[in-house]
Amino acid sequence: MQETEKIRVRFAPSPTGDPHVGVIRQALWTWLYAKKMDGQFILRIEDTDQTRYVEGAVERIQNSLKWLGIKWDEGPDIGGPYGPYFQSQRKHLYKDAAERLIEDGFAYRCFATPDELREMREKQQAAKLPPRYDGRYRNYPKIDAQKRAAAGESCVIRFAMPQEGSTSFSDLLRGEITFENKELDDFVILKSDGFPTYHLAHVVDDTAMKISHVTRGEEWIPSTPRHVQLFNALGYKIPTWVHAPVILGPDGGKLSKRHGAKFVLEYAEEGYLSDALFNFLAITGWALDDHTEIFSRKRLTEVFDLKDLSKNPSGFDQTKLEWMNGLYLREMEEDDLVSIFVQRLEHDLPAEIPRPINWALVKELTPLVRERIKLLSELSSLVGFFFTSDIPTPATEEFLTKKWKDRSGDASEALKFTANDLEPLIDWNAEDIQQTMRNTAEKLETRAGDFFSLTRIAVTGTRVSPPLFESMEIIGQELCINRIRRASNSLRNTTDS
RNA sequence: GGCCCCAUCGUCUAACGGUUAGGACGCGAGGUUUUCAACCUCGAAAUCGGAGUUCGAUUCUCCGUGGGGUCACCA
């Protein structure tokens, strides 16, 4: 019974480079479905094209998945009952299948050279015909083909597509899709180097691995009739097909590396949270209802369903991802966030700052900054001044904006008063610091805001910073007063122009 | 170009054939405020076009149009 069969799905990338968000979203949806259905999620490496193999790609793929919390139940590193999980290690299976197809009259050897085929296509195109294999070896005597192959002549094996009628299949999302067989040519199933093409390989493997749902990008729709024919010719059961939408680049075309980060691990480096990217990827192209969009992984494994995927390709809304990342940063459990912050600062803070990073300090400043950043990469520049006893005094121009324009003397005075008023403070806490400084401002007949901004620059070194008084409390009395005095002195030595 | 898929605010999307077409990001206005954020309120913003079917189409059908995919000894 189909209904009672175990759900087994797979993610089957080829190791040609880093997986970008489009392919990883595909993996993510597939994984969610496996979890929801209490099935198995298999990772299989489709390395049948040795010319495109990229060193380290398998590791990058695995690391991308791991970073997102997508664990496979069977795969190249952990094995499983249907291994091996590298197609390059299953060559004999494809060869056997191809030979069986020849035996049964579904396939034949083709000795056309690449040059010959290229020439053929050029002629077709010159004649304004669609480029396609013309079947020149389709009726070549089997005995002769056998002889030439045995003699070591290079050849490929092609599938003999039916030339009449049509092939239909049902897609979970799109329903019935039909192609005229005459539109399809005799495609290669086994290459001259003995490796299979994708068409043969995945049909053989998906069957051998008992894959119940073939999930893949919609770009595969046009070759699905070939797969249907292959499944049938081999006597295999047709799986359920799910051709999911793809992600479009910001330019409307295919996702391109020119526009910002593209690879999953780049998002990690840029300071996105795994949970946030996961959530975001899950809901671009899928929705539960008309209002929910924040989901934990666990919740998603309960409510997600492949059949609810959107049919149309989606753009990648980078801005919304950033918003969502900020949201996760704000809502995360504080202790978890502290440890993420520490980790990030270890990595991002300038080398001069001694390691290990002071955990207690990070814990203190976390509440001050967590809602001020969208990306972890923004953290170190925002909090750097907490970690060094010796910030460089900002340039005069930094201080003399707005109310203080051309008033370096006044600014210097104001800071001097602040330092003096702050010095006797016994209980160094944000509230008292604020009160003291408000008094100072009043005394100087200066608007508090203008006055605070001056102090902010002196203490933090920047015009934009975490809340001033809380920051000052953390930095400590002595250091704050030093910085303010230093700023005051530097301003006094400036002549207004 | 042939074939195939798709079509709701700028973007991601929701809507048993009956809703003032909903939400979110972003954007604009206001509020809050020591900077920046965050937060709150309000606002602008969409059913690609044309025929049908129907008492009634975002929804079903057809035709256009637009976008995307695919036509390899790549996946």
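Values reported hereafter were calculated over all heavy atoms of this structure, with side chains retained and with hydrogens, waters and symmetry mates removed. Naming: A, B, ... by sequence-line order, numbering from 1 per chain.
Using a 4.0 Å heavy-atom cutoff across all strands shown, A:Pro15 reaches no nucleic acid atom at all. Among the heavy atoms of the strands lying under 4.0 Å from A:Thr48 are primed sugar atoms or P, OP1, OP2 only; no base atom is included. Contact annotation for A:Pro467: base contact, defined as any heavy-atom pair under 4.0 Å involving a base atom. Within the nucleic acid shown, A:Ser465 comes within 4.0 Å of at least one base atom, counting heavy atoms only. A:Ile283 comes within contact range of the sugar-phosphate backbone alone, with a heavy-atom separation under 4.0 Å but no base atom that close. Note on A:Gly326: nothing from the nucleic acid sits closer than 4.0 angstrom, heavy atoms only. Contact annotation for A:Ala448: no contact, since no heavy-atom pair falls under 4.0 Å across all strands. As judged by a 4.0 angstrom heavy-atom cut-off over every strand, A:Arg370 is placed among residues making no nucleic acid contact. Within 4.0 Å (heavy atoms only), A:Trp220 reaches at least one base atom of the nucleic acid. A:Asp317 comes within contact range of at least one nucleobase, with a heavy-atom separation under 4.0 Å. Here A:Pro131 lies in heavy-atom contact (under 4.0 Å) with sugar-phosphate atoms only. Using a 4.0 Å heavy-atom criterion, one finds that A:Pro245 contacts no nucleic acid atom at all.
Taking atom CG on A:Leu321 and atom C1' on B:rG26, their separation rounds to 14 Å, with Å as the unit. Summarising the geometry, the separation between CE on A:Met324 and P on B:rG26 is reported as 11 Å, rounded to the nearest angstrom.
At B:rC74, one or more side-chain N or O atoms of A:Lys191 fall inside 4.0 Å of OP1 or OP2 (strictly under the cut-off). Residue A:Arg52 places none of its side-chain N or O atoms closer than 4.0 Å to OP1 or OP2 of B:rA75. Not one side-chain nitrogen or oxygen of A:Thr197 sits closer than 4.0 Å to the OP1 or OP2 atom of B:rC74. Remark: A:Arg226 is not in phosphate contact with B:rC71, judged by side-chain N or O atoms under 4.0 Å from OP1 or OP2. The side chain of A:Arg121 places an N or O atom within less than 4.0 Å of a non-bridging phosphate oxygen (OP1 or OP2) of B:rA72.
Remark: B:rG2 base-pairs with B:rU70; criterion is Watson-Crick or G-U wobble with both hydrogen-bond distances under 3.5 Å. For B:rU8, there is no paired base (Watson-Crick or G-U wobble, both distances below 3.5 Å). The nucleotide B:rC62 finds its pairing partner in B:rG50, both defining distances of the Watson-Crick or G-U wobble pair being shorter than 3.5 Å. When both distances must be under 3.5 Å, the Watson-Crick or G-U wobble mate of B:rU41 is B:rA29. The partner of B:rC36 is absent, by the rule that a Watson-Crick or G-U pair needs both atom distances under 3.5 Å. Nucleotide B:rG56 has no partner under the Watson-Crick or G-U criteria, as no pair reaches both atom distances under 3.5 Å.
Among the nucleotides B:rA7, B:rU11, B:rA14, the one closest to any side-chain atom of A:Asn312 is B:rA7. In the set B:rC25, B:rU13, B:rU70, B:rC25 carries the atom at the smallest distance from any side-chain atom of A:Lys320. Which of B:rA38, B:rU35, B:rG69 sits closest to the side chain of A:Val464 comes down to B:rU35. The side chain of A:Gln434 lies closest to B:rU34, out of B:rA7, B:rU34, B:rA38. Nearest to the side chain of A:Ile221, among B:rC25, B:rC4, B:rA72, sits B:rC4.
Taking 3.5 Å as the limit, the base of B:rC73 and the side chain of A:Ser192 contain a donor-acceptor pair of atoms between them. Contact of A:Arg463 with B:rU35 (side chain to base): no donor-acceptor pair of N or O atoms is detected under 3.5 Å. The base of B:rC36 sits with one of its N or O atoms less than 3.5 Å from a complementary donor or acceptor on the side chain of A:Arg372.
A gap of 44 Å separates the C1' atoms of B:rU70 and B:rC55, to the nearest Å.
Proximity of the aromatic rings of A:Trp72 and A:Phe11 is defined here by a centroid distance below 6.0 angstrom, and this criterion is not met.
Under a cutoff of 6.0 Å and an axis angle of 45°, A:Arg297 and A:Phe278 form a cation-pi pair.
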